[in-house]
Student: 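The structure is given below, and queries will be raised subsequently.
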Amino acid sequence: MDLGLIGKNVLVLASSKGLGKACALEFAREGANIMLTSRDEEQLSRTAEEIKAETGAMVHYKKCDITQRNEIDELVAETVEKLGSVDVLVNNAGGPPAGMFNDFEDEHWQGAFELTLLSLVRSVRAVTPNMRRNGGGRIVNIASSSFKQPIDGLILSNTFRTAINGLSKSLSQELGKDGILINTIGPGRIGTDRIGELDQMVADKKGLTAEEVKAGMESGIPLGRYGKPVEFARMVVFLCSGANTYITGQSLLIDGGMVKAL
Ligand code: NAP
């Protein structure tokens, strides 16, 4: 299948490591030009070098805290300046803190809103004029399996990932006429630092090791293991490619069959 990504310009938010980095690497393997971003310039520089060394792709990076509107606007402006356009936007973010309802005050709710939902609103607002001028584009939002089935102890994620889903569906209705396709993907348990930290948190609470928690989680996944970041990234790349011409407004899970909800 020709993915038609050679020379396309791809902006991946929150991409110094984990799922964002894996997506950037897969786009680079397909011949796209990449803009990486996160809050840690040194880590970004290492990640950019790694991707360049492996793929020979053009990889830029810019430090950006996606909770800040002006930083997102500057990031998009620099992407257009350096790459020429934004053909693909991957909306990713750090995960909101774990906890139950009584653990959080207003400032935690506000922080999670700004990190997971408002960053998406702002980045879509910033890139769509450029995509319209270029006759279309592709957007994928990285959310969580919590939009389909709430996860115990992750009430902030459960709330805002569901909102991402609603927003994405609404946007698909508004953006379709401009040739902009937008979809949302929910990871189940894909082996990244974030998942390691969540396992450690559960382990500390239950007096287990992180390995024991992981083994318990894996026993509940039909495919019997955590996913690899590349297994997640391949679907992001497909949905953002020229090979996807008719899928928009959808939400799907990449979870090895973990979530049982229909
Ligand atoms: P990760 O390994 O912790 O990576 C998070 C990335 O986000 C890093 O590059 C981090 O860089 C960046 N980041 C965090 N806050 C940022 C901010 N304010 N501005 C800019 N960049 C920021 O996480 P992951 O596992 O890849 O997960 C990515 C997203 O998917 C998260 O929202 C997570 O909750 C969600 N998710 C993941 C899984 C999974 O299986 N991995 C499952 C469900 C949901 P800096 O900290 O240096 O800025």
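For clarity, every value in this text was computed on a predicted model and none was experimentally measured. Each ligand, and each atom within it, is numbered from 1 in the order the structure gives.
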Student: With no hydrogens and no angle check, just 3.5 Å: does a side-chain donor-acceptor pair link Ser168 and Thr184?
Tutor: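 Yes, Thr184 and Ser168 have a side-chain donor paired with an acceptor closer than 3.5 Å.
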
Student: I'd like to check which ligand 1 atoms, numbered from 1 as shown, lie under 4.0 Å from a non-hydrogen atom of Ala93.
Tutor: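 Near Ala93, meaning under 4.0 Å from one of its heavy atoms, ligand 1 has 28 (C), 29 (C), 31 (C), 32 (O).
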
Student: Would you mind telling me if ligand 1 is within reach of the side chain of Ile142, the backbone, both or neither, using heavy atoms under 4.0 Å?
Tutor: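 Answer for Ile142: side chain.
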
Student: May I ask you to identify the nearest protein heavy atom to atom 39 (C) of ligand 1, giving residue, atom name and distance to one decimal place in Å?
Tutor: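 That would be Ile195 CG1, 3.4 Å.
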
Student: Please indicate whether Asp152 has more than 12 foreign heavy atoms, meaning atoms of other residues, nucleotides or ligands, lying under 6.0 Å from its CG.
Tutor: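 Check fails, neighbour count at 12 or below.
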
Student: So which bit of Cys64 gets within less than 4.0 Å of ligand 1, heavy atoms only: side chain, backbone, both or neither?
Tutor: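 The answer is the backbone of Cys64.
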
Student: Would you call Glu71 and Lys62 a salt bridge, taking side-chain N to carboxylate O under 4.0 Å as the test?
Tutor: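 A salt bridge is absent here (no side-chain N lies under 4.0 Å from a carboxylate O).
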
Student: Give me the one residue out of Ile66, Leu120, Leu156 that meets side chain to side chain contact (heavy atoms under 4.5 Å, CB included) with Leu115.
Tutor: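 Passing option: Ile66.
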
Student: Checking contacts here: is it the side chain or the backbone of Glu197 that comes within 4.0 Å of ligand 1, counting heavy atoms only? Could be both or neither.
Tutor: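 Contact part for Glu197 vs ligand 1: neither.
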
Student: So, regarding Gly20 and ligand 1 (criterion: nitrogen or oxygen to nitrogen or oxygen, under 3.5 Å), is there a contact or not?
Tutor: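 No, since none of the N or O atoms of Gly20 sits under 3.5 Å from an N or O of ligand 1.
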
Student: Name the closest protein heavy atom to atom 6 (C) of ligand 1, giving the residue it belongs to and the distance to 0.1 Å.
Tutor: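 Of the protein heavy atoms, Ala14 O, 3.7 Å lies nearest.
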
Student: Would you mind checking which non-hydrogen protein atom is closest to atom 44 (C) of ligand 1, with the distance to 0.1 Å?
Tutor: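 So the nearest neighbour among protein heavy atoms is Ala143 O, 3.3 Å.
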
Student: Linking I/L/V/M/F/W/Y whenever their side-chain heavy atoms sit closer than 4.5 Å, directly or via other members, would Leu13 and Leu181 fall into one cluster?
Tutor: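 In one cluster with Leu13: Leu181, no.
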
Student: For atom 42 (C) of ligand 1, what's the nearest protein heavy atom and its distance?
Tutor: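 That would be Gly188 O, 3.3 Å.
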
Student: Judged by modelled atom types alone, do Asp204 and Gln200 share a side-chain donor-acceptor pair under 3.5 Å?
Tutor: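 Yes - a donor-acceptor pair under 3.5 Å links their side chains.
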
Student: Report the part of Leu13 (side chain from C-beta onward, or backbone N, CA, C, O) that has a heavy atom under 4.0 Å from ligand 1; answer both or neither where that applies.
Tutor: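 Neither; nothing of Leu13 gets under 4.0 Å from ligand 1.
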
Student: Does the ring of Tyr226 carry Lys214 above it, NZ/CZ under 6.0 angstrom from centre and within 45° of its axis?
Tutor: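 Yes, Lys214 and Tyr226 form such a contact.
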
Student: Within ligand 1, which atoms have a heavy atom of Asp65 less than 4.0 Å away?
Tutor: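 With Asp65 as reference, the close atoms of ligand 1 come out as 17 (C), 18 (N), 19 (N).
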
Student: Angle class for the Phe104/Trp109 ring planes (parallel below 30°, perpendicular above 60°, tilted otherwise)?
Tutor: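 Perpendicular.
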
Student: Closer than 4.0 Å to some heavy atom of Asp40 - which atoms of ligand 1 meet that?
Tutor: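 Ligand 1 atoms under the 4.0 Å threshold to Asp40: 47 (O).
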
Student: Could you find the nearest protein heavy atom to atom 9 (O) of ligand 1 and give me its residue, atom name and distance?
Tutor: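 Of every protein heavy atom, Ser16 OG, 2.7 Å lies nearest to atom 9 (O) of ligand 1.
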
Student: Decide whether an N or O pair under 3.5 Å exists between Leu115 and ligand 1.
Tutor: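 No.
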
Student: Kindly identify the option in Lys63, Arg39, Gln43 whose heavy atom sits closest to atom 46 (O) of ligand 1.
Tutor: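 Heavy atom nearest to atom 46 (O) of ligand 1 belongs to Arg39.
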
Student: Does the pair Asp193/Lys17 count as a salt bridge with the N-to-O cut at 4.0 Å?
Tutor: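 Judged by the 4.0 Å cut-off on N to carboxylate O distance, Asp193 and Lys17 do form a salt bridge.
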
Student: Numbering the atoms of ligand 1 from 1, which are under 4.0 Å from a heavy atom of Gly18?
Tutor: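 Result: 2 (O), 26 (O).
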
Student: Does the N or O separation between Pro187 and ligand 1 drop below 3.5 Å for any pair?
Tutor: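 Looking only at distances, the answer is no, because the N/O contact criterion of under 3.5 Å is not met.
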
Student: Identify the closest protein heavy atom to atom 3 (O) of ligand 1: which residue and atom is it, and at what distance?
Tutor: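 Here the closest protein heavy atom is Arg194 CB, 3.5 Å.
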
Student: For atom 34 (O) of ligand 1, find the nearest protein heavy atom and state the residue, atom name and distance (0.1 Å precision).
Tutor: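 For atom 34 (O) of ligand 1, the nearest protein heavy atom comes out as Arg161 NH2, 2.7 Å.
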
Student: Using modelled atom types and a 3.5 Å cut-off, is there a donor and acceptor pairing between side-chain atoms of Glu49 and backbone atoms of Thr47?
Tutor: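 No.
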
Student: Just checking, is any N or O donor in the side chain of Asp40 or Ser16 under 3.5 Å from an acceptor N or O on the other one?
Tutor: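 No pair is found: no donor N or O on one side chain lies under 3.5 Å from an acceptor on the other.
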
Student: Would one find more than 12 heavy atoms of other residues, nucleotides or ligands at under 6.0 Å from atom CG of Leu252?
Tutor: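 Check passes, neighbour count above 12.
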
Student: Heavy atom under 4.0 Å from ligand 1: found in Asn92's side chain, backbone, both, or neither?
Tutor: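 Side chain only.
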
Student: Checking a contact table here: which protein heavy atom is nearest atom 24 (P) of ligand 1, and how many Å away?
Tutor: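 The answer is Thr192 OG1, 3.6 Å.
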
Student: Establish, from distance only, whether the side-chain atoms of Ser145 and Asp255 form a donor-acceptor pair under 3.5 Å.
Tutor: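 On atom types as modelled, these side chains do not qualify, holding no pair under 3.5 Å.
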
Student: With heavy-atom distances below 4.0 Å as the criterion, list the atoms of ligand 1 near Arg189.
Tutor: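 Near Arg189, the atoms of ligand 1 are 40 (O).
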
